[in-house]
Amino acid sequence: MRLLTGKPGWSTSADVVVIGSGVAGLTTALNLRSHGLSVLLVTKARIDEGSTKWAQGGIAAALGPGDTPDQHKKDTLIAGAGLCDSRAVDVLVSEGPEAVRKLIAQGAVFDKSETGEIALTREGGHLRDRILHAGGDATGAEVSRALLTAVKNDRGIEIIEHALAIDALKSKSGRVCGVLLHVIGAGSRDGVGSALARAVVVATGGLGQVYSQTTNPAVSTGDGVALALRAGAKVADVEFIQFHPTVLWRDLANRGQQPLISESVRGEGAILLNHKNEQFMIGKHPQADLAPRDVVAKEIFNQMQESGQPYVWLDALKVKDFQIRFPTIYDSCMANGIDPTIEKIPVAPASHYASGGVKVDLNGQSTIAGLYICGESACTGAHGANRLASNSLLEGLVFGARIAAALAKDLPAQEEPVYESKTTLLDPKIVLPLQIAMSEGAGVMRSESSLRKTLQTLNELSKLTSTEPRIESWEATNLHLLATAIVKSALTRKESRGSHWRSDYPLSSDSWLSRITGEIDNSGNWISDLEPVK
């Protein structure tokens, strides 16, 4: 099955096609070049418009005095609530420090302490100060800047901007050997074309636009995960959608990307208050306001249910030099009529990060030959049921390098594509009702009845087909596929664990210490399975 498109009107090729220009894609591309491989880097908007630049908090790595990878591993495993693949966590925390040092060598500048050392702070779930940050709260922007500079200076990396990756191309042997692209607007290529490669790396980021409120940019429609599913790859842990607990609440009418209030603000002393002015996280978790994100998001949801208000308060009045330490957040608050230095900030949870994704091994290889996945699109198993704060940028750095090393060792010759005849396409009108249904029925809190109702809505929306191939239709079809995968996996997991909260199954159960995988068969049916956690 593939998306309905016109016939390819142009063709290009490289050793490896990398889809996505966030930390995962850029790191993979640069490491591929260090092995002498040619790279075609494809990005959906401008090259600097992915999720990476929006990352406020920072990068977690055991670089501070007294800190160790083992301690970082322990915090990661606790946040992952029993579903982390310990081998993937070992890779992440042990190779993380060197990956960060390499990033610094590439030109990334992190904030320094008064002594001239790199300043480290703490975020939810971490028992040590191990978060590097840049520009106070603009870490992602600095990481993106440094990597983009290196990429643009490498003539062995061809960049195609404003290009949507539509579907994987597969050879007669079943190996992925390229992608179908649609280049938007003016450029060296227009319309649908084929980019052939000896391997394809998907690093397209998240799928936050499945929900009506998210911290993700508008381009985060899960195109890479949907592409992999249609190619026959397995996904895993997709029910675990992390909702960031503190997103600036503006109005229920505001949909799409919302301003994030990094938990680093709480790391610097801000506290959460309910409408009775009570610090409600006290007694709910040993780390109180700095508990893991799923714990805080659930408690905020409870407080909102109790008060009948669509938000709680974040009191940052005691944070020293707020506008200097958090300039991006300060400007965002001021732009929305809130001065965080003299008044409390209204916050509520919003879709933030997909802990699951396309199932991969420790070298980023999916279950389909020739298809590699990196970053938020991947499920390495490192995050388990709930990603630990600031492990996401680190994952892109670490596994991007591993994918490049694996491809350098074993990259077969180019194969010719065979074009799939079965097509699908949905009407863009489905997007808004889909997002509303997902937020209401498959959001922070879920139940059998809410999930069944959401699935019924998705089934009805699937009847609204389209015969007009265009960006909006392709994105709508991708969102529908991913929403269905999330809901079906959430229905399967009859317990509460990590960022998956079932009101009808409020406790965790050892009988669910398994990973739910899913794939699409040749008839388009969803097939799920349980795999033991390694």
Does this structure show an ion pair linking [X] with [Y], if we count only N-O contacts that are shorter than 4.0 Å?
{"X": "Asp154", "Y": "Arg33", "result": "yes"}
{"X": "Glu268", "Y": "Arg266", "result": "no"}
{"X": "Glu495", "Y": "Arg502", "result": "no"}
{"X": "Glu161", "Y": "Arg46", "result": "no"}
{"X": "Glu475", "Y": "Lys44", "result": "yes"}
{"X": "Arg402", "Y": "Glu95", "result": "yes"}
{"X": "Glu531", "Y": "Lys234", "result": "yes"}

Below 4.5 Å, heavy atoms only, C-beta onward: do [X] and [Y] meet side chain to side chain?
{"X": "Ser392", "Y": "Arg387", "answer": "yes"}
{"X": "Val179", "Y": "Ile166", "answer": "no"}
{"X": "Tyr353", "Y": "Asn386", "answer": "no"}
{"X": "Asn525", "Y": "Ile520", "answer": "no"}
{"X": "Leu3", "Y": "Arg230", "answer": "yes"}
{"X": "Leu83", "Y": "Phe240", "answer": "yes"}
{"X": "Leu397", "Y": "Val23", "answer": "yes"}
{"X": "Val247", "Y": "Gln213", "answer": "no"}

As an exercise, state the distance from [atom1] of [X] to [atom2] of [Y], rounded to the nearest 0.5 Å.
{"X": "Leu63", "Y": "Glu98", "atom1": "CG", "atom2": "CD", "value": "10.0 Å"}
{"X": "His72", "Y": "Asp67", "atom1": "NE2", "atom2": "CG", "value": "8.0 Å"}
{"X": "Leu26", "Y": "Leu41", "atom1": "CG", "atom2": "CG", "value": "6.0 Å"}
{"X": "Glu123", "Y": "Asp129", "atom1": "CD", "atom2": "CG", "value": "10.5 Å"}

Could you walk me through whether Ser38 and Asp15 satisfy the side chain to side chain donor-acceptor pair (under 3.5 Å) test, starting with their C-alpha distance in whole Å, then the side-chain angles of each, then the deciding distance to 0.1 Å, before giving a yes or no? CA-CA 5 Å; Ser38 63; Asp15 288 329; 3.2 Å; yes
CA sep, side-chain torsions, deciding dist, call: Glu239, Arg493, salt bridge (charged side-chain N to carboxylate O under 4.0 Å, His left out): CA-CA 8 Å; Glu239 69 272 30; Arg493 184 170 292 282; 2.7 Å; yes
Given Lys534 and Asp85, is the salt bridge (charged side-chain N to carboxylate O under 4.0 Å, His left out) satisfied, shown in steps? CA-CA 5 Å; Lys534 296 177 181 177; Asp85 183 329; 5.7 Å; no
Show, in sequence, the C-alpha distance, side-chain angles and deciding distance for His133 and Asp111, and conclude whether the side chain to side chain donor-acceptor pair (under 3.5 Å) test is met. CA-CA 6 Å; His133 49 85; Asp111 295 343; 2.8 Å; yes
Mind running side-chain contact (heavy atoms from CB on, under 4.5 Å) on Ile373 and Leu371 for me, showing each step along the way? CA-CA 7 Å; Ile373 321 291; Leu371 183 62; 3.9 Å; yes
Under the rule for salt bridge (Lys or Arg N to Asp or Glu O under 4.0 Å), what residues qualify as partners of Asp361, not counting sequence neighbours? none
For the residue pair [X] and [Y], confirm or rule out a side-chain donor-acceptor distance under 3.5 Å.
{"X": "Ser86", "Y": "Lys73", "value": "no"}
{"X": "Asn391", "Y": "Thr76", "value": "yes"}
{"X": "Asp70", "Y": "Thr68", "value": "no"}
{"X": "Glu415", "Y": "Ser173", "value": "yes"}
{"X": "His126", "Y": "Arg122", "value": "no"}
{"X": "Thr121", "Y": "Ser264", "value": "no"}

Do side-chain atoms of [X] reach the backbone of [Y] as a donor and acceptor pair under 3.5 angstrom?
{"X": "Glu376", "Y": "Ala354", "answer": "yes"}
{"X": "His244", "Y": "Thr246", "answer": "yes"}
{"X": "Ser220", "Y": "Leu207", "answer": "no"}
{"X": "Arg128", "Y": "Gly66", "answer": "yes"}
{"X": "Ser113", "Y": "Glu117", "answer": "yes"}
{"X": "Ser499", "Y": "Asp294", "answer": "no"}
{"X": "Arg175", "Y": "Ser171", "answer": "no"}
{"X": "Thr214", "Y": "Val210", "answer": "no"}
{"X": "Ser496", "Y": "Trp501", "answer": "no"}
{"X": "Asn216", "Y": "Gly208", "answer": "yes"}

Are Ser212 and Gln435 close enough, and set up right, to give a side chain to side chain donor-acceptor pair (under 3.5 Å), and what steps lead you there? CA-CA 5 Å; Ser212 56; Gln435 291 171 328; over 6 Å; no
If the condition is side-chain hydrogen bond (donor to acceptor under 3.5 Å, both in side chains), which residues does Thr380 pass it with, not counting sequence neighbours? Glu395
Please determine whether side-chain contact (heavy atoms from CB on, under 4.5 Å) holds for the pair Ile131 and Leu120, giving the CA-CA distance in whole Å, both sets of side-chain angles, and the decisive distance to 0.1 Å. CA-CA 5 Å; Ile131 314 301; Leu120 300 173; over 6 Å; no
Residue among His352, His500, His383 satisfying side chain to side chain contact (heavy atoms under 4.5 Å, CB included) with Gln242: His352
How about Asn153: does its CG atom have over 12 heavy atoms from other parts shown lying under 6.0 Å from it? yes
May I ask you to check whether over 12 heavy atoms, not counting those of Asp521, lie within 6.0 Å of atom CG? yes
Can you list the steps and then say if Asp237 with Lys359 is a salt bridge (charged side-chain N to carboxylate O under 4.0 Å, His left out)? CA-CA 9 Å; Asp237 293 345; Lys359 184 175 181 289; over 6 Å; no
Determine whether Trp526 and Ser489 satisfy the following criterion, side-chain contact (heavy atoms from CB on, under 4.5 Å), listing intermediate values before the conclusion. CA-CA 10 Å; Trp526 179 258; Ser489 293; 4.0 Å; yes
Aromatic ring centroids of Tyr211 and Phe243 under 6.0 Å? yes
Could you walk me through whether Lys409 and Asn363 pass the side chain to side chain donor-acceptor pair (under 3.5 Å) test, one step at a time? CA-CA 12 Å; Lys409 290 180 182 177; Asn363 292 320; over 6 Å; no
Could you walk me through whether Trp474 and Ile471 satisfy the side-chain contact (heavy atoms from CB on, under 4.5 Å) test, starting with their C-alpha distance in whole Å, then the side-chain angles of each, then the deciding distance to 0.1 Å, before giving a yes or no? CA-CA 5 Å; Trp474 295 323; Ile471 298 293; 4.0 Å; yes
